[in-house]
**Student:** 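One structure follows; several queries about it will come next.
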2 protein chains.
Amino acid sequence: MKPRTRRYHRTRQAILDAATEIIHEEGPDALSMRELADRIDYSAAGLYEYFGSKEEIILAVCQEGHQRLAAYMLEVDREVPANDYLYGIGKAYVRFALENPDHFLLMFSYPEAAGAPENDEMHQENDSSYNILLQGIGRGISEGVFPERPGFGLDELGYAAWTMVHGIAMLRVTALREYPLDLDAVDDQVIHNFLRGLMTA
Amino acid sequence: MKPRTRRYHRTRQAILDAATEIIHEEGPDALSMRELADRIDYSAAGLYEYFGSKEEIILAVCQEGHQRLAAYMLEVDREVPANDYLYGIGKAYVRFALENPDHFLLMFSYPEAAGAPENDEMHQENDSSYNILLQGIGRGISEGVFPERPGFGLDELGYAAWTMVHGIAMLRVTALREYPLDLDAVDDQVIHNFLRGLMTA
DNA sequence: TAGTAAACCTAACACTGTTCGGAATTATAA
DNA sequence: TTATAATTCCGAACAGTGTTAGGTTTACTA
């Protein structure tokens with residue numbers, strides 16, 4: 001790769017990093033092209049050499065967020081029973097949301113950013129967060145931990161699990177953002193209750 | 001009530017209706033003070049006689065949304081077994097989100113709008129959507145349909161039910177907004193599966 | 001009918017994302 | 001090394017935003 005394109009990619013990444021930083025520090029509304037440019041010693045107009053619009057920058061930030069979310073889930077220890085592993089997956093999903101609330105909200109405000117860069121089909125790449133979840137459930141099925149019911153196969157089980165952890169994560173970063181009591185313990189029970197439902201046919 | 005204050009309230013409501021209309025037709029980003037004023041034959045500055053800021057208008061729209069959501073849930077037939085009633089509650093929650101996606105998303109982007117106008121404690125008024133859900137679960141408990149487990153009482157059951165329906169609703173208006181297949185049937189199974197989990201101790 | 005308060009608008013301010021034209025920098029070719 | 005070309009970058013401007021100050025019109029009251 002030529003020095004030119006390498007420098008180009010480095011600047012692109014600097015823009016994305018600064019944007020992520022602003023979103024983390026001051027929220028998504030505070031992200032303006034001029035402040036973003038200031039942080040990396042550019043002018044606002046200069047950014048348009050690297051991104052076509054502000055929306056493109058936000059979209060790229062969202063895509064990075066989805067990768068980071070997947071990274072959270074890949075860190076989970078797999079050397080445990082399938083149901084315990086799935087519990088870890090769910091907790092990782094929620095933990096990412098709690099540790100990056102604005103980023104998490106942004107990711108799901110731009111649905112078109114959910115997939116891979118050059119792929120309009122949803123979650124088709126292998127290491128998407130949804131695919132990791134799906135593989136965990138598939139493992140539980142093949143190990144006989146989760147019995148498949150008629151009309152409630154892998155896809156339906158995956159959908160059910162996703163809605164549950166996503167509901168927890170979403171509520172906790174929006175409506176329950178300031179909730180004073182400890183919800184982690186309740187989350188545990190909710191997830192375990194769900195998994196128990198899957199395990200008993 | 002004097003004609004003056006009556007006219008004042010009518011204008012206030014006209015502003016909120018127009019704002020809701022714009023959000024429904026063109027999305028929340030298209031809501032500008034000038035277009036909003038144009039729709040009801042005012043100038044942008046004139047609106048500030050009725051609301052302190054654009055955010056106040058959005059907040060009021062969100063509060064109306066929460067009331068409408070509660071109305072959806074109050075329409076559900078109560079003359080059925082407790083578990084069937086809760087199923088109806090859940091479906092009503094999701095149906096509101098699907099029929100008012102932008103409004104629904106906005107409501108949960110402004111967490112401070114979740115409660116009553118003069119009440120910073122969450123969901124304290126009786127006919128909030130969450131309270132309706134909670135009462136449905138309470139009925140199931142008192143009728144012996146849902147057994148209370150240790151450390152998993154009414155509040156925890158309510159939280160669990162809320163996260164589930166909210167997860168379904170949220171995913172379907174964001175990440176799965178354009179999903180081609182029919183998810184209503186899957187939602188049925190997911191909700192029923194959840195309720196079955198509650199019914200079996 | 002005179003005086004007062006409410007309602008409303010015009011004009012402006014500071015900000016936003018974006019574009020245009022040219023200037024500075026860097027790479028390529030002679 | 002020098003001339004040419006391409007890339008990179010910026011200042012200035014444009015149309016739009018929410019908001020405010022000041023003044024004018026309207027409506028109510030005494």
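Protein chains get the first letters and strands the later ones, always in sequence-line order, with residue 1 at the start of each. All values below come from the heavy atoms of this structure, side chains included, with hydrogens, waters and symmetry mates left out.
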**Student:** Can you tell whether the side chains of B/Arg39 and B/Asp17 come within less than 4.0 Å, N to carboxylate O?
**Tutor:**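 Here B/Arg39 does not pair with B/Asp17 in a salt bridge, since their nearest N and O are not under 4.0 Å apart.
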
**Student:** Just by distance, no angles: are the side chains of B/Asn193 and A/Arg149 close enough, under 3.5 Å, to form a donor-acceptor pair?
**Tutor:**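 A pair is found: one side chain offers a donor N or O, the other an acceptor, under 3.5 Å apart.
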
**Student:** First and last nucleotide of DNA chain C touching chain A, 5' to 3', heavy-atom cut-off 4.0 Å?
**Tutor:**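 First and last nucleotides in contact are C/dT16 to C/dT28.
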
**Student:** Return each pair, listed once, that meets salt bridge (charged side-chain N to carboxylate O under 4.0 Å, His left out) where at least one residue sits in residues 49-68 of chain B; pairs must be two or more places apart or across chains.
**Tutor:**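 Listed once each, the pairs would be none.
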
**Student:** Does the ring center of A/Phe104 lie less than 6.0 Å from the ring center of A/His166?
**Tutor:**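 Centroid distance A/Phe104-A/His166: below 6.0 Å, so yes.
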
**Student:** Could you tell me whether the side chain of A/Ile132 reaches within less than 4.5 Å of the side chain of A/Val76, counting heavy atoms only?
**Tutor:**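 They are not in contact (no side-chain heavy atoms under 4.5 Å apart), so the answer is no.
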
**Student:** Show me the protein contacts with nucleotides 11-18 of chain D, counting only N or O atoms at under 3.5 Å.
**Tutor:**
residue, atom, partner, partner atom, Å
D/dA13, N6, A/Arg34, NH2, 3.4
D/dT17, OP1, B/Ser32, OG, 3.3
D/dG18, OP1, B/Leu31, O, 3.4
D/dG18, OP1, B/Met33, N, 3.2
D/dG18, OP1, B/Lys54, NZ, 3.0
D/dG18, OP2, B/Met33, N, 2.9
D/dG18, N7, B/Arg34, NH1, 2.9
D/dG18, O6, B/Arg34, NH2, 3.1

**Student:** Give B/Tyr50 one of three labels, base, sugar-phosphate or nothing, depending on what nucleic acid heavy atoms sit under 4.0 Å from its own.
**Tutor:**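 Sugar-phosphate contact only - B/Tyr50 comes under 4.0 Å of backbone atoms but never of a base.
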
**Student:** Output yes when A/Glu75 and A/Lys91 qualify as a salt bridge under the 4.0 Å nitrogen-oxygen rule, no when they do not.
**Tutor:**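 A/Lys91 and A/Glu75: not salt-bridged.
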
**Student:** Does the plane of the ring in B/Phe96 sit parallel, tilted or perpendicular to the ring in B/Tyr72? Use 30° and 60° as the thresholds.
**Tutor:**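 It falls in the perpendicular class, over 60°.
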
**Student:** For B/Asp29, which contact category applies under a 4.0 Å heavy-atom criterion: base, sugar-phosphate, or nothing?
**Tutor:**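 Nothing, no heavy atom under 4.0 Å.
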
**Student:** Hey, do the aromatic rings of B/Tyr50 and B/Tyr8 have their centres closer than 6.0 Å?
**Tutor:**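 Ring centres of B/Tyr8 and B/Tyr50 closer than 6.0 Å.
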
